[in-house]
S.K.: 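This is the structure, below, for whatever I ask next.
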Amino acid sequence: MKVILNRDLGQKKIDMIRDLGYDVELILEKDLKSRDDYYDADVWFTYQGFSKVDMDRWTNLKYIHTTSRGIDQVPKDFVVDRGCYLSCNTTGYSVPMAESIIMYILEVFKNTRTMFDKQDKRLWKMDSNWIELAGKRVGFLGTGNISYQTAKRLRAFDVEIWGVNTNGRSVEGFDRTFSLGESDEFFKECDVIIGLMPATEKTSGLIDGSKFELMKKGTTFLNIGRGNLVNHQDLVKYGPKFRGIVIDVADCEPLPADSPLWDLDNIIVSPHNSWVSENNIERLGDIVYENLKSFIETGRPKTWVEDINRGY
Ligand SMILES: NC(=O)C1=CN([C@@H]2O[C@H](COP(=O)(O)OP(=O)(O)OC[C@H]3O[C@@H](n4cnc5c(N)ncnc54)[C@H](O)[C@@H]3O)[C@@H](O)[C@H]2O)C=CC1
Ligand SMILES: O=C(O)C(=O)[C@H](O)COP(=O)(O)O
């Protein structure tokens, strides 16, 4: 079985896979001599490699694992037509994402932008506009794994935690949950609202002026999942209403230098950085190992995306 890996998982994981004792040829993408050497592989671990290869040329491909959590970049027709398995980095980034989100909220609540500005100017001047997280209501758009890990850690700050998901089902770690169709109260009452939804046809532009209108003045709004969730024109228009805005993702990445979002004085722009951590390769390696072991032994990975057309 020929397996192409886009990331070096380290010798320990490679040895673990080899020690399984099966006839597996593991090749790092960077060691492929030519693009032609891809096309007879059985398994491909990739992220955005789809645009770099000619998808029509694969002869044996039976299993794709994308090293990202989101699967919006995956050519879904190919997966369906070929009857290929698709798996992704289900939980691998949730911990660093949760920590980054808590950092962003505190940055907005404690005005760190202003603090660093003053520091650059060697200005010793107190700021009386710092607010507490304790007692606030934090709302998650999406109650998936990243939201869960963030909510779990936010508990220590004595906040109330609400969430929106597809049907309003209750989810461990959330005090209240809403369906999007019945979520006006959510938008009106949350002090912090965090976008953590996947990019799908259904989520595209969900958060627009009509939702910003419902939010109270001084809300802190973060979009961390995918940029398509938010109507950016409306975000700019309603910008001054917020205590702070944080975007880790945008409808166009990199965010163009002439985007009016850069001009908002209450925005933190993080360049799709929230997932970064020194532990990612170790976590990815665990998922890859379990999935590959299962694929070799049973013909299917341990976990996979069962309904690719759902989009996440
Ligand atoms: N900025 C970054 O660096 C990263 C961004 N991401 C993004 O974050 C997203 C969320 O990740 P997870 O929490 O692990 O995903 P997940 O699949 O565990 O959760 C997704 C949540 O969104 C909800 N949802 C989906 N469509 C909906 C709709 N139309 N209406 C209402 N709710 C809907 C689901 O009910 C679920 O609660 C990923 O899909 C990915 O695009 C993931 C990792 C890193
Ligand atoms: O996992 C996702 O989805 C992301 O958006 C992450 O930022 C990172 O994706 P990779 O660069 O690790 O594929």
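Note that these values count all heavy atoms, side chains included, but never hydrogens, waters or copies made by symmetry. First listed ligand is number 1; within each ligand, the first listed atom is number 1.
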S.K.: At a 4.0 Å threshold, what atoms of ligand 1 neighbour a non-hydrogen atom of Val249?
M.R.: 1 (N)
S.K.: Report the member of Ser274, Ser100, Gly142 with the shortest heavy-atom distance to atom 21 (C) of ligand 1.
M.R.: Gly142
S.K.: Taking 4.0 Å as the limit for heavy-atom contacts, which would you say applies to Glu253 with ligand 2: side chain only, backbone only, both, or neither?
M.R.: neither
S.K.: Say whether Gln73 and ligand 1 are in contact under the criterion: heavy-atom distance to a ligand atom below 4.0 Å.
M.R.: no
S.K.: Any chance you could measure Trp58, atom CH2, to Cys84, atom SG, to the nearest 0.5 Å?
M.R.: 9.0 Å
S.K.: If the cut-off is 4.0 Å to any non-hydrogen atom of Lys202, which atoms of ligand 1 fall inside it?
M.R.: 29 (N)
S.K.: Should the proximity of Arg7 to ligand 2, defined as any heavy atom under 4.0 Å, be assigned to the side chain, the backbone, both, or neither?
M.R.: side chain
S.K.: Do the charged groups of Asp191 and Lys216 touch, with an N to O distance under 4.0 Å?
M.R.: yes
S.K.: Using ring centroids (six-membered ring only for Trp), state whether Phe178 and Trp162 fall under 6.0 Å.
M.R.: yes
S.K.: Relative to atom 15 (O) of ligand 1, which among Glu253, Arg69, Glu201 owns the nearest non-hydrogen atom?
M.R.: Arg69
S.K.: Regarding Asp175 and Arg155, does a basic nitrogen lie under 4.0 Å from an acidic carboxylate oxygen?
M.R.: yes
S.K.: Roughly how far apart are Asp208 CG and Gln233 CD, rounded to 0.5 Å?
M.R.: 11.5 Å
S.K.: Non-hydrogen atoms of Leu180 versus ligand 1: any pair closer than 4.0 Å?
M.R.: no
S.K.: Crowded around Lys241 NZ? As in, over 12 foreign heavy atoms under 6.0 Å?
M.R.: yes
S.K.: What is the nearest protein non-hydrogen atom to atom 11 (O) of ligand 2, stated with its residue, atom name and distance?
M.R.: Tyr47 CE2, 3.2 Å
S.K.: Considering non-hydrogen atoms of the protein only, which is the closest contact for atom 9 (O) of ligand 2, and what is the distance?
M.R.: Ser68 CB, 3.6 Å
S.K.: Tell me which part of Thr91 gets within contact of ligand 1: side chain, backbone, both or neither, using heavy atoms under 4.0 Å.
M.R.: neither
S.K.: Nearest heavy atom to atom 28 (C) of ligand 1 wins, so pick from Val171, Thr166, Val305.
M.R.: Thr166
S.K.: Quick test of your reading of the structure: of His272, Gln149, Met197, Arg310, whose heavy atom lies closest to atom 31 (C) of ligand 1?
M.R.: Met197
S.K.: Return the closest protein heavy atom for atom 2 (C) of ligand 2 as residue, atom name and distance.
M.R.: Arg69 N, 3.3 Å
S.K.: Does the pair Glu282/Lys13 count as a salt bridge with the N-to-O cut at 4.0 Å?
M.R.: yes
S.K.: Indicate, with yes or no, if the rings of Phe242 and Phe212 have centres closer together than 6.0 Å.
M.R.: yes
S.K.: Please report whether ligand 1 has a polar contact with Thr143, defined as an N or O pair separated by less than 3.5 Å (distance criterion only).
M.R.: yes
